[in-house]
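Comments concern the structure below.
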Amino acid sequence: MFEYFPGNYVWNLAVVATLNNGGRIDDVDRACRPVLEAARQGADAGTQSLYEAWAAVADRVVAAAEADAVEGKIIGAGEGYYLGSLYTSQAERLQSPGWSGRNAAYQKSIDLLLRHMELSGAPVALVEVPYGGGSLPGYLYRAPSADGEPGPIIIEWNGLDSTKEMMYYSGFPQELARRGISTLMVDTPGSGEALRLRGLRSRFDTEVWAAACVDYLTALGEFDPERIGLVGWSLGGYYAPRAAAYEKRIKLVVSWGANYDWGETQQRRRRREGEHPVPHYWDHVQWVWGAKDLDEFFSLSKRVSLDGVLEEIAVPYLITHGIADRQIPVADAHRSYAEAVNSPDRELRIFTPEEGGVEHIGLDNFPLVSQFTADWIAARFTS
């Protein structure tokens with residue numbers, strides 16, 4: 001993996017994700033160079049300085065986009081708003097849950113992305129999925145129908161610290177659309193807007209979220225109910241298979257990075273084994289799960305396991321994993337595959353150093369993993 005900040009894995013993830021999602025290398029260098037010294041102090045220290053450095057670059061490209069828009073240069077303006085949103089989002093992701101500027105920064109990333117969508121003509125709608133007494137925010141990326149009939153759709157979920165905006169940046173919905181498959185990107189409880197702006201916390205029984213998403217799609221009447229799939233990356237590698245095991249209207253499922261026993265992963269991290277996905281990690285997980293302290297969090301995390309669950313999956317199941325994942329051991333992928341014995345079409349794809357994609361969810365070569373996953377889904381939903 002390209003490591004701009006030697007020894008600072010968490011900050012490097014943000015750099016690599018930005019570059020793989022269309023960030024410009026000059027912009028990234030301008031944002032990172034001022035905080036090289038701060039990065040040497042560890043993942044947690046200096047994150048606000050990191051945000052300020054990235055925000056300065058984001059503001060510069062947004063100012064250029066605004067000037068382009070005034071002059072009628074719509075394509076360039078749309079690209080500038082995209083970059084401003086991307087840079088803001090990646091820097092916001094690294095902040096402490098208690099940082100006072102967090103909600104404003106996150107809202108800025110949304111507003112800039114919506115402006116990009118408007119100017120670029122992207123076939124995306126801002127939607128609300130009814131859930132409990134409120135709703136879950138999402139983006140619906142519609143693929144054109146070749147025959148005018150209801151087509152397939154993938155529900156996409158986050159992991160511990162990503163957002164629906166990051167799903168859009170990833171290019172995965174666009175890959176699916178090129179294959180005739182629509183995407184519903186959802187901030188589930190504990191992630192993105194659902195957590196930051198609505199206070200919704202995560203839960204282990206993710207089939208509840210799946211039911212809400214499927215109910216929403218079914219009510220729209222636009223999509224084939226026999227071709228509704230579910231993809232989850234990172235901690236979504238637990239969320240998605242758990243949901244598919246018990247919500248039988250899901251017809252295909254992908255663990256984009258296995259996550260067999262997340263409770264045990266917390267114990268390994270407690271022993272300082274493996275890397276954390278974000279700075280301020282223990283504060284972050286308590287925020288996501290609504291735990292009042294670490295003891296409560298560790299108790300909650302014990303339920304986040306696929307032990308006894310995977311044999312309930314009765315639909316096609318893909319597991320991808322990087323062989324050198326520093327967060328989740330590759331053994332989780334092998335165990336997940338071994339226990340999904342009732343899936344009629346299961347596949348385990350381990351990415352190796354020769355090809356890339358060896359890091360967590362393949363972030364070191366993200367387009368490779370994205371294209372492989374899109375092709376796997378298309379072979380089952382469009383052929």
Side-chain angles (χ1 to χ4, degrees), residues 4 14-35 50-95 101-128 137-144 156 158 162-178 182-187 192-193 196-197 363 366-367 370-371 374:
Y4 192 101
V15 171
V16 171
T18 301
L19 291 172
N20 272 315
N21 292 343
R24 295 174 180 166
I25 195 165
D26 177 69
D27 289 338
V28 171
D29 183 55
R30 288 171 185 261
C32 293
R33 192 171 294 269
V35 290
L50 177 85
Y51 180 82
E52 291 165 358
W54 280 72
V57 173
D59 289 346
R60 180 176 61 83
V61 298
V62 169
E66 291 170 346
D68 281 346
V70 170
E71 295 176 13
K73 300 174 183 176
I74 301 304
I75 294 174
E79 177 68 8
Y81 286 117
Y82 173 88
L83 292 171
S85 178
L86 172 64
Y87 301 155
T88 302
S89 178
Q90 286 296 341
E92 181 272 337
R93 187 183 71 87
L94 300 184
Q95 301 309 306
R102 185 149 201 178
N103 285 0
Y106 178 66
Q107 186 64 57
K108 177 181 176 181
S109 74
I110 293 176
D111 294 343
L112 291 172
L113 186 60
L114 292 176
R115 183 67 170 138
H116 156 75
M117 291 174 177
E118 176 189 358
L119 294 181
S120 68
V124 185
L126 192 60
V127 300
E128 296 286 341
Y139 298 129
L140 179 57
Y141 196 110
R142 289 180 169 92
E156 189 176 4
N158 289 308
S162 54
T163 67
K164 64 186 183 302
E165 289 71 39
M166 293 176 187
M167 297 182 206
Y168 181 89
Y169 307 142
S170 76
F172 184 59
Q174 295 85 335
E175 289 286 352
L176 289 176
R178 284 193 281 269
S182 299
T183 305
L184 175 64
M185 299 162 263
V186 181
D187 277 340
E193 184 178 350
R196 289 159 173 78
L197 305 183
L363 272 175
F366 203 78
S370 177
Q371 290 162 15

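Between A58 and G84, the shortest heavy-atom distance links the atoms CB-O, 3.8 Å. The nearest pair of heavy atoms linking A69 to R115 is CB-NH2, 4.2 Å. When every heavy atom of G78 is checked against every heavy atom of H116, the shortest pair comes out as O-ND1, 2.9 Å. Closest heavy-atom contact between V62 and G80: CG2-O, 4.5 Å. When all heavy atoms are compared, the tightest approach of A14 to L94 is CB-CD1, 3.9 Å.
Y106 pairs with exactly one of E165, E92, E193 by the side chain to side chain donor-acceptor pair (under 3.5 Å) rule, that one being E165.
When atom types are taken as modelled, the side chain of N158 and the backbone of D187 share no donor-acceptor pair closer than 3.5 angstrom. A donor-acceptor pair under 3.5 Å is formed between the side chain of S170 and the backbone N or O of M167. The backbone N or O of A17 sits nowhere less than 3.5 Å from a side-chain atom of Y169 that would complete a donor-acceptor pair.
Side chains of L112 and Y82 form no contact here, defined as non-hydrogen atoms less than 4.5 Å apart. For the pair R24 and V57, the minimum side-chain heavy-atom distance is 4.5 Å or more.
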(request) Applying side-chain contact (heavy atoms from CB on, under 4.5 Å), run through V16 and F366 and close with a yes or a no. (result) CA-CA 9 Å; V16 171; F366 203 78; over 6 Å; no
(request) Please lay out, stage by stage, how R30 and D26 fare under the test salt bridge (Lys or Arg N to Asp or Glu O under 4.0 Å). (result) CA-CA 6 Å; R30 288 171 185 261; D26 177 69; 2.7 Å; yes
(message) side-chain contact (heavy atoms from CB on, under 4.5 Å) for Y139 and V127? Distances and angles first, verdict last.
(response) CA-CA 6 Å; Y139 298 129; V127 300; over 6 Å; no
(request) Determine, step by step, whether I110 and K164 satisfy the side-chain contact (heavy atoms from CB on, under 4.5 Å) criterion, reporting the C-alpha distance in whole Å, the side-chain angles of both residues, the deciding distance to 0.1 Å, and the verdict. (result) CA-CA 9 Å; I110 293 176; K164 64 186 183 302; 4.2 Å; yes
(request) For side-chain contact (heavy atoms from CB on, under 4.5 Å), just list the numbers for T163 and M166, CA-CA rounded to whole Å, side-chain angles, deciding distance to a tenth of an Å, and then say yes or no. (result) CA-CA 5 Å; T163 67; M166 293 176 187; 3.4 Å; yes
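For the residue pair Y81 and S120, no side-chain donor N or O sits within less than 3.5 Å of a side-chain acceptor on the partner.
For the atom pair L86 CG and T18 OG1, the distance stands at 5.0 Å (nearest 0.5 Å). The CZ atom of R102 lies 9.0 Å from the CZ atom of R93; values are rounded to the nearest 0.5 Å. Here the CE-OG distance, from M185 to S162, works out to 12.5 Å after rounding to the nearest 0.5 Å. The line from CG of D27 to CZ of R60 is 5.0 Å long, rounded to the nearest 0.5 Å. Taken from CD1 in I75 to NZ in K73, the straight-line distance is 12.0 Å, to the nearest 0.5 Å. With rounding to the nearest 0.5 Å, the separation of CG in L363 from CG in N21 is 8.0 Å.
In this structure, I74 places its CD1 atom where more than 12 heavy-atom neighbours from other residues, nucleotides or ligands lie under 6.0 Å away.
Listed by chain and residue number, nothing satisfies the ring-ring contact (aromatic ring centres under 6.0 Å, His included) test with Y4 (two or more places apart in sequence, or in another chain). Scored by the ring-ring contact (aromatic ring centres under 6.0 Å, His included) test, F172 finds W256 as partners (sequence neighbours excluded).
Relative ring orientation between Y168 and Y141 is described as tilted, the plane-to-plane angle lying within the 30° to 60° band.
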